[in-house]
Q: 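Take a look at this one; I'll ask things after.
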Amino acid sequence: MNYLQINRANTLNGNIKISGAKNAALPLIAMTILAKNRVDIKNLPHVVDIKTLLKLLSNLGASCSDFSNGSDIISISTSALHETKATYDIVRTMRASILVLGPILARFGHCEVSLPGGCAIGQRPVDLHLKALEQMGAVINIEAGYIHATAPDGLKGCQIIFDKITVTGTANIVMAAALAKGITTITNAAREPEVVQLCEILNASGVKIDGISTGVLTIHGTDGKLVDIAEFSVIPDRIEAGTYLCAGAITNSELTLENANHKHLGAVIAKLEEMGNKISFTDTTITIHPSKVQKHVKIVTQEYPGFPTDMQAQFLALTTQADGTSIIEERLFENRFMHVSELQRMGADISLSGHTATIVGGTKLSGTDVMATDLRASSALVLAGLIADGVTNVHRIYHLDRGYDSLEVKLQNVGADIKRLNE
Ligand code: EPZ
């Protein structure tokens, strides 16, 4: 198995190109199930989760152009799609496979998807997805670990109010509603930029959607007619960008991110500025400038546009270097502090009480062997390794490879001493 070996960095310097957003690309790939044409998608990130979903689509009979040849454009045709069962072997490796449920059910009237099961950061049920589909007329049975969904009379538009804001739940129902008969209103919809892009592309393809980027979406279904989807480019990955901004902050460096959209990072940039960092930006770049001291902060993770849970681990690593005691509360997931014990092994002074971490700053970290437990925890350990004395080896980086495109190469290019080695 691969691992990353990191030596303490002096300051970093240079430019990092941000890749397309994994969490935008996943629903957009699932959306091709609603298309009557071959769809060209640009700026796809080369990460494992994307390859997994493309494999799932191919298993269902879709044809996808070769994505492994280094290009970041792919074309997908689902006209020959004949299978409607997303099997356990794929779904267990990527829970976002649940995103095919809405579109397949809307198009074919039946679908079987393995229940995704929990993951390291929490139980992560899909009850809200299923309840909304039942309200639209689906009949849902759970048997032997599979979701069996049928819509004998097709899906019908209706009023849906989500008990909790769910990102992939919103995306799933938007896609189901796109082909439904009549109008669907989703209240308490997710407003993440990744959901906004999905709605924008469907709206541009003839599926009229009102309220895009608000918490109330109104989708005018096509009553089963497939849509014509023009070529589009995936938005930049705001979490990848936020991770590299934290790399700049923790190493007191000047870094410029290219192909980054600062408008998607309002809460993250505000926190970095509150900590004393100076951030400048243009339409397509974000630059973080060196700041001698990182001030302590209080962070509470929330749904967009609040502070993103996907940036919690990275800021937890950063606040170990702050000038006082920081507090981070994780409100979205029940078990998203597994990076804490690894950071403690590096010498961090962190205490946990329920969903709240208290981080005493100014601690010197020492490099050692650490283990990644989930995608964002992996990047937090890399950030800690950049400033820890000695060598840090981050193991189980298959977690990292699910969502970061060439992370070690991007960091090497700005001066980090980091390499990918084989165990
Ligand atoms: C998406 O997951 C992201 N993944 C996650 O990013 C991200 O952390 C999360 O949204 C929150 O922003 C993708 O977009 C592929 P949710 P998702 O449904 O949609 C509860 C990463 O690091 N819930 O918004 O699965 C759930 O348990 C990943 O890139 C229900 O109770 O998250 C959680 O507590 C990690 N029932 C909360 O809602 C449901 O039916 C938010 O979950 C659905 C969700």
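Just follow the structure's listing: the first ligand is 1, and inside any ligand the first atom is 1. Scope of the values below: all heavy atoms of this structure, side chains included, with no hydrogens, waters or symmetry mates. This is a predicted model, so every value here is computed, not measured.
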Q: Considering heavy atoms of the protein only, find what lies nearest to atom 39 (C) of ligand 1 and give residue, atom and distance to 0.1 Å.
A: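 Its nearest protein heavy-atom neighbour is P125 O, 3.1 Å.
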Q: In ligand 1, which numbered atoms sit nearer than 4.0 Å to a non-hydrogen atom of V126?
A: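 So the atoms of ligand 1 that pass are 39 (C), 40 (O).
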Q: What protein heavy atom is closest to atom 25 (O) of ligand 1, reported as residue, atom name and distance in Å?
A: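 Protein heavy atom at minimum distance: R124 NH2, 3.0 Å.
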Q: Taking the six-membered ring for Trp, are F281 and H262 parallel (under 30°), tilted (30 to 60°) or perpendicular (over 60°)?
A: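 Correct class here is parallel.
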Q: Assess, by modelled atom type and distance only, whether the side chains of Q312 and H339 contain a donor and an acceptor separated by less than 3.5 Å.
A: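 Present: a donor and an acceptor within the cut-off.
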Q: Which residues pass the ring pair (Phe, Tyr, Trp, His ring centres under 6.0 Å) test with H355, not counting sequence neighbours?
A: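 If we apply the ring pair (Phe, Tyr, Trp, His ring centres under 6.0 Å) test to H355, skipping adjacent residues, there are no hits.
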Q: Enumerate the atoms of ligand 1 whose separation from the nearest heavy atom of R336 is less than 4.0 angstrom.
A: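 Those atoms are 8 (O), 22 (O), 35 (C).
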Q: Determine whether the side chains of H110 and T84 contain a donor N or O and an acceptor N or O closer than 3.5 Å.
A: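 Their side chains do contain a donor-acceptor pair, which is all the 3.5 Å distance test asks for.
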Q: Out of all atoms in ligand 1, which are within 4.0 Å of some heavy atom of H129? Include the element for each.
A: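 Per the distance check, 40 (O).
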Q: Identify the protein heavy atom lying closest to atom 9 (C) of ligand 1, giving its residue, its atom name and the separation to 0.1 Å.
A: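 The protein heavy atom lying closest is F333 CZ, 3.9 Å.
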Q: Of all the non-hydrogen atoms in the protein, which one sits nearest to atom 20 (C) of ligand 1, and at what distance?
A: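 Here the nearest protein heavy atom works out to K164 NZ, 3.8 Å.
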Q: Distance to 0.1 Å, residue and atom name: give those for the protein heavy atom nearest to atom 4 (N) of ligand 1.
A: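 The answer is N23 ND2, 3.7 Å.
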Q: Take the angle between the ring planes of H46 and F67 and call it parallel below 30°, perpendicular above 60°, tilted in between.
A: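 Aromatic pair H46/F67 classed parallel.
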Q: Tell me the protein heavy atom at minimum distance from atom 22 (O) of ligand 1, and give that distance in Å.
A: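 I find the closest protein heavy atom is R376 NE, 2.9 Å.
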Q: Considering D310, L99, I165 one by one, which has a heavy atom nearer to atom 8 (O) of ligand 1 than any of the others?
A: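 Nearest heavy atom to atom 8 (O) of ligand 1 lies in D310.
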Q: Give me the residue, atom name and distance of the protein heavy atom closest to atom 19 (O) of ligand 1.
A: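 Ranked first by proximity to atom 19 (O) of ligand 1 is T168 OG1, 2.6 Å.
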Q: Who's closest to atom 34 (O) of ligand 1 heavy-atom-wise, of L375, L332, I98, D374?
A: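 It is L332 that holds the nearest heavy atom.
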Q: Run the numbers for me: atoms of ligand 1, each under 4.0 Å from some heavy atom of T309, listed by number.
A: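 With T309 as reference, the close atoms of ligand 1 come out as 8 (O), 11 (C), 12 (O).
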Q: From the options N172, D163, L128, select the one whose nearest heavy atom is closest to atom 40 (O) of ligand 1.
A: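 The option holding the nearest heavy atom is L128.
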Q: What atoms of ligand 1 come closer than 4.0 angstrom to any heavy atom of K22?
A: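 Per the distance check, 21 (C), 29 (O).
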Q: Looking only at side-chain N and O atoms, does Y404 offer a donor or acceptor that is under 3.5 Å from a partner on R376?
A: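 Side-chain D/A pair, R376 to Y404: present.
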Q: Charged N to carboxylate O under 4.0 angstrom, R331 versus E303?
A: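 Not counted as a salt bridge, because no side-chain N and carboxylate O are separated by less than 4.0 Å.
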Q: Should one rank T301, V167, L130 by closest heavy-atom distance to atom 24 (O) of ligand 1, which comes out on top?
A: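 Among T301, V167, L130, the closest heavy atom to atom 24 (O) of ligand 1 comes from V167.
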Q: Got a sec, which residues hit side-chain contact (heavy atoms from CB on, under 4.5 Å) with T282, two or more places apart in sequence or on another chain?
A: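 side-chain contact (heavy atoms from CB on, under 4.5 Å) check on T282 returns T284, T285.
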Q: Before accepting this row, confirm whether a basic side-chain N of the pair E330/R336 lies closer than 4.0 Å to the acidic partner's carboxylate O.
A: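 The answer is no: the pair does not qualify as a salt bridge.
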Q: Determine, considering heavy atoms only, which of D127, D49, L26, V47 sits nearest to atom 36 (N) of ligand 1.
A: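 Nearest heavy atom to atom 36 (N) of ligand 1 lies in D127.
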Q: Look at atom 18 (O) of ligand 1 and say which protein heavy atom is nearest, naming residue and atom and giving the distance to 0.1 Å.
A: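 Result for atom 18 (O) of ligand 1: T166 OG1, 2.7 Å.
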Q: Measuring centre to centre across the rings, with the benzene-like ring taken for any Trp, is F307 within less than 6.0 Å of F315?
A: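 Yes, the ring of F307 comes within the 6.0 Å limit of the ring of F315, centre to centre.
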Q: Any chance you could measure D401, atom CG, to L4, atom CG, to the nearest 0.5 Å?
A: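 D401 atom CG to L4 atom CG measures 7.5 Å (nearest 0.5 Å).
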